[in-house]
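Below is one structure, written out as structure tokens, with a few remarks after it.
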Amino acid sequence: MTIKYKTIKEIKNMISQKEISNKEIIKEVFDQIQANEHLNAFITLNKEPALKKSEDLDNNPSDLPLAGIPIAQKDLFCTKDLRTTCGSRILNNFIPPYSATVIENLENAGCISIGKTNMDEFAMGSSNETSFFGNVENPWGKNLVPGGSSGGSAAAVSAGIVPAASATDTGGSIRQPASLCGITGLKPTYGRVSRWGMIAFASSLDQAGPMARTAEDCALLLNQMCSHDEKDTTSLDDAIPNFEENLNEPLKDKKIGIVKDLDLSSLDNEVVKVYEDSLKEFEALGASLIDISLPNLSLSVPTYYVVAPAECSSNLSRFDGVKFGRRSEDPNNLEELYIKSRSEGFGDEVKRRILIGSYVLSAGYYDAYYKKAQQVRRLIKNDFDKAFSNIDVIMTPTTRGPAFEMGSKGSDPIQMYLEDLFTISANLAGLPAISIPNGNIDNKPTGIQIIGNFLDESSILNFAHMFQTSTNWHKYTPEGVKE
Ligand code: GLN
């Protein structure tokens, strides 16, 4: 019996049928991590506590909703007594005294945290090449990037090591790696999941969510991740539905918005064809396609690259070598301690963002850049509000193409930033969005993105699940189709 490539739902059944013990599951996970060491998906492992928890479960079976389910945690979430680096040298010795609310919620639901996954430094990147701990390899091919910033989480699920992982998405970091690794990844509505204990990148955009093999598993995970949290002032207090409830609702008479302003001309024909085939599949499931306009969509990437660096420059000022993490050795005075700790501790991409952010927030340029970007952000949000008056969801490709070679975009930051062309607008507007596997080009997976209205994760999960009941793309693995 193996749990490789199994879904949470399947593993839950295996446990309840006593086909496998909790300890066997966790042992297999660590064997798989070792067998896949070349992927470099993990930064820190949680082996002994995880094994202990599985033994306890074997001795005292539990009926918690996710009892015994192994989960990999992105190394951006603080985990009590377990090193949390955020992919950065400056935090390479940081052991948090508390766990993020998301981690607590998942563990309280019975999940077993396996370890911390590799990621772009402070979640800035789209290829996992900015991590201090080295690149992550995409299980679909040697030298292919897994996407980023949640590259380690995506690779661990894609390789079948774990059925699920936690991740975060500021401009696309759940959906883009999910797409490049052939798995399902969901970014919830801003405020749905508590940000408490998440190391902040851009606080008005950051949101945690699940990565798994299916939309159904994402619903199971989201049910447990969400909670109103007084420790996060942006945490929403709205009712949290049971996200499993509407999964099987027929799509007949439902409406999909197709963005007519979206320029697909820069995409490969094959990418466009895969996308259009998926839309036909949704039509066959009963949904209809409606043209919509999001006239300010083309401004999302430039808007994001003002707002996100501005917030990051402010958030990252707390890393000064004094309060958290690594301190430079032998500075001559206090100022040098700050300068050296930050110069040695941060990588190039993080420094670039801090510089841009400090510039756009500076007294002389604030109105021209930061204020303007906030105004455009509002226009983008208004466009979505208008569009959603007449449709259920919006669809776009998730990315401009499948996984690319390591090193191929590193020298041109703009090319890297355009990786999130289709994903960033959902963060700017605070909307939920999911990426699901929808095709395969030269044995590399592709994804389609489904964006929902504010707080309407249920609809995007419904569309995603129905697609997965009528197609097999989510069953493709780097080793062939799983049955
Ligand atoms: N790739 C984008 C960036 O580098 C988004 C990252 C993210 O969502 N964390 O900012």
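Please read these numbers as outputs of a predicted model, since none were measured by experiment. Both counts, for ligands and for their atoms, begin at 1 and track the order of listing.
- When ring centroids are compared, Phe201 and Phe122 stay outside the 6.0 Å threshold.
- The protein residues lying under 4.0 angstrom from ligand 1, judged by non-hydrogen atoms, are Ala123, Met124, Gly125, Ser126, Ser149, Asp169, Thr170, Gly171, Gly172, Ser173, Phe201, Tyr304, Tyr305, Arg353, Asp420.
- A cation-pi contact links Lys231 to Trp196, judged by a cut-off of 6.0 Å to the six-membered ring centre and 45° from its axis.
- The existence of a salt bridge linking Asp348 and Arg352 is excluded, since no basic side-chain nitrogen approaches an acidic carboxylate oxygen closer than 4.0 Å.
- Among Arg400, Lys409, Arg175, the one residue that satisfies the salt bridge (Lys or Arg N to Asp or Glu O under 4.0 Å) test with Glu419 is Lys409.
- The ring-ring contact (aromatic ring centres under 6.0 Å, His included) analysis of residues 419-443, with sequence neighbours excluded, yields no pairs.
- Nearest approach of Ser99 to Lys80, heavy atoms of both residues: OG-N, 2.8 Å.
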